[in-house]
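Shown next, in structure tokens, is the structure this report addresses.
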Number of protein chains: 2
Amino acid sequence: MAHRTIRRADSPEGNRSELAGDAIRRIMQVASTIQQDQEADITRLGLTPAVARALYELDPDRPLPARELAEQLRCDRSNVTALVDRLETAGLVERRIDPADRRQKSLVVTTAGRRVRVRVHQAMSDSRLLAGLSDQEISDLRVLVTKMSDCGCPEVGEAE
Amino acid sequence: MAHRTIRRADSPEGNRSELAGDAIRRIMQVASTIQQDQEADITRLGLTPAVARALYELDPDRPLPARELAEQLRCDRSNVTALVDRLETAGLVERRIDPADRRQKSLVVTTAGRRVRVRVHQAMSDSRLLAGLSDQEISDLRVLVTKMSDCGCPEVGEAE
DNA sequence: TATTGTTATACTCTATAACTATA
DNA sequence: TATAGTTATAGAGTATAACAATA
């Protein structure tokens with residue numbers, strides 16, 4: 001209480017850290033709303049969110065080994081097995097043993113998989129929340145958010 | 001293919017919807033990074049993310065019935081039972097039967113709960129991703145994101 | 001009859017550890 | 001021995017349905 005910075009009112013017209021805190025909370029709230037909308041779209045495609053994300057991260061033009069997909073999803077290899085099981089059952093992805101290293105299995109997106117993947121990409125790129133913003137505001141927003149992700153780019157300092 | 005809008009290059013210098021799609025994807029990526037950081041902080045407090053969010057949504061100055069907490073968390077009442085069980089076991093929240101309507105139980109944040117809740121709030125308000133932005137940029141970002149959430153405010157049209 | 005909180009149950013998502021087949 | 005993928009298992013999170021107590 002004693003070592004509190006002086007501030008004006010309830011709205012964060014005050015110092016940087018209050019403004020920043022408010023911005024972060026609002027970003028997370030907006031992201032939560034967007035995610036709910038996206039998950040509804042994904043469900044309509046007959047996929048679960050995690051399966052859709054796996055399909056989204058796969059490169060239709062360059063088959064990935066499962067290990068690499070796990071890295072992109074930032075999850076354990078064991079999960080990828082289950083996700084690819086479901087994608088394969090749905091006919092969207094095929095496993096092919098890599099002849100060069102028979103331990104690896106390449107994940108190949110099928111023709112049907114490509115079609116569904118486009119719709120997943122659309123679902124993940126669309127939001128009604130931008131409807132009230134001008135072209136210039138959307139452009140500004142994009143620049144600022146890009147600046148944030150550039151700042152966070154390091155997996156640096158994560159000594160391991 | 002035939003009905004595609006003409007565009008210049010790979011970076012979305014093109015039309016509004018491409019810029020918007022890029023902005024949405026970047027927002028979600030940034031939110032994901034922030035969430036990972038926040039969950040690490042929450043774990044250090046000895047809480048799980050869902051339990052921390054429940055504590056965060058409770059009002060220390062006005063005990064809520066469990067049903068109302070479920071509405072704020074946008075989840076089923078049955079989940080709240082389990083979350084409050086854990087908060088009560090940890091000594092952070094107490095259930096009190098409402099004398100006015102003995103079906104309801106008010107959720108009261110304890111003194112220890114208040115202390116932890118402050119730290120949860122801090123964890124949810126802080127992000128290293130804003131480090132590279134100027135005060136003005138943070139302010140602009142906050143305005144734009146607020147405009148997004150205002151746009152999404154309606155639970156309107158959700159006929160139910 | 002309707003509502004509050006609870007219980008039982010099930011599914012998704014994720015992690016760890018142990019296994020196999022390759023290298 | 002090290003790595004890729006798999007399996008078994010467990011915990012967190014969430015949803016639905018049925019139930020007891022209360023209104």
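Below, read A as the first sequence line, B as the second, and so on, with proteins coming before strands; counting in each chain starts at 1.
In this structure, CG of A/Asp98 is placed 12 Å from C1' of C/dT22, rounded to the nearest angstrom. To the nearest angstrom, C1' of D/dG5 lies 11 Å from CG of A/Asp101. One atom, CD of A/Gln35, and another, P of C/dC13, lie 12 Å apart when rounded to the nearest Å. Atoms CD1 (A/Ile42) and P (C/dC13) sit 11 Å apart, rounded to a whole Å. Remark: P of C/dT6 and CZ of B/Arg102 are 14 Å apart, rounded to the nearest angstrom. The nearest whole Å value for the distance from the CG atom in B/Leu69 to the P atom in C/dG5 is 10 Å. Between A/Glu39 atom CD and C/dT12 atom P the separation is 14 Å, expressed in whole Å.
Between the CG atom of B/Leu141 and the CG atom of A/Asp140 there is a distance of 10.5 Å, given to the nearest 0.5 Å. We find the CZ-CE distance between A/Arg53 and A/Met124 to be 4.0 Å, quoted to the nearest 0.5 Å. Expressed to the nearest 0.5 Å, how far CZ of B/Arg25 lies from OG of A/Ser149 amounts to 12.5 Å. The distance from atom CD1 of A/Ile97 to atom NZ of A/Lys105, rounded to the nearest 0.5 Å, is 6.0 Å.
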N/O contacts under 3.5 Å, protein versus nucleotides 1-3 of chain C?
residue, atom, partner, partner atom, Å
C/dT3, O4', B/Arg103, NH1, 3.3
C/dT3, O2, B/Arg103, NH1, 3.1

Trace of the side chain to side chain donor-acceptor pair (under 3.5 Å) decision for B/Asp126 with B/Gln122: CA-CA 6 Å; B/Asp126 189 46; B/Gln122 284 168 353; over 6 Å; no
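Cluster membership check: B/Val109 shares its hydrophobic cluster with B/Leu107, using side-chain heavy-atom separations under 4.5 Å among Ile, Leu, Val, Met, Phe, Trp and Tyr. Linking Ile, Leu, Val, Met, Phe, Trp and Tyr residues whenever their side-chain heavy atoms come within less than 4.5 Å leaves A/Tyr56 and B/Met28 in two separate clusters. Criterion: ILVMFWY side-chain heavy atoms under 4.5 Å apart, direct or through other members. Under it, B/Ile24 and A/Ile42 are not part of a common hydrophobic cluster.
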Please encode protein proximity along nucleotides 6-15 of chain D as a string of B, S and -, counting only heavy-atom distances under 4.0 Å. BB----SSBB
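The pair A/Lys147-A/Asp150 fails the salt-bridge criterion, with no side-chain N (NZ, NE, NH1 or NH2) lying under 4.0 Å from an Asp/Glu carboxylate O. Salt-bridge formation is not detected for the pair B/Asp98/B/Arg102: no Lys NZ or Arg NE/NH1/NH2 atom is positioned less than 4.0 Å from an Asp or Glu carboxylate oxygen.
Listed candidates were C/dG5, D/dA23, D/dG5. Nearest to the side chain of A/Pro65 is D/dG5.
Residues from residues 52-60 of chain A with heavy atoms under 4.0 angstrom of DNA chain C: there are none.
The backbone N or O of A/Glu137 lies less than 3.5 Å from a partner atom in the side chain of A/Ser134, making a donor-acceptor pair.
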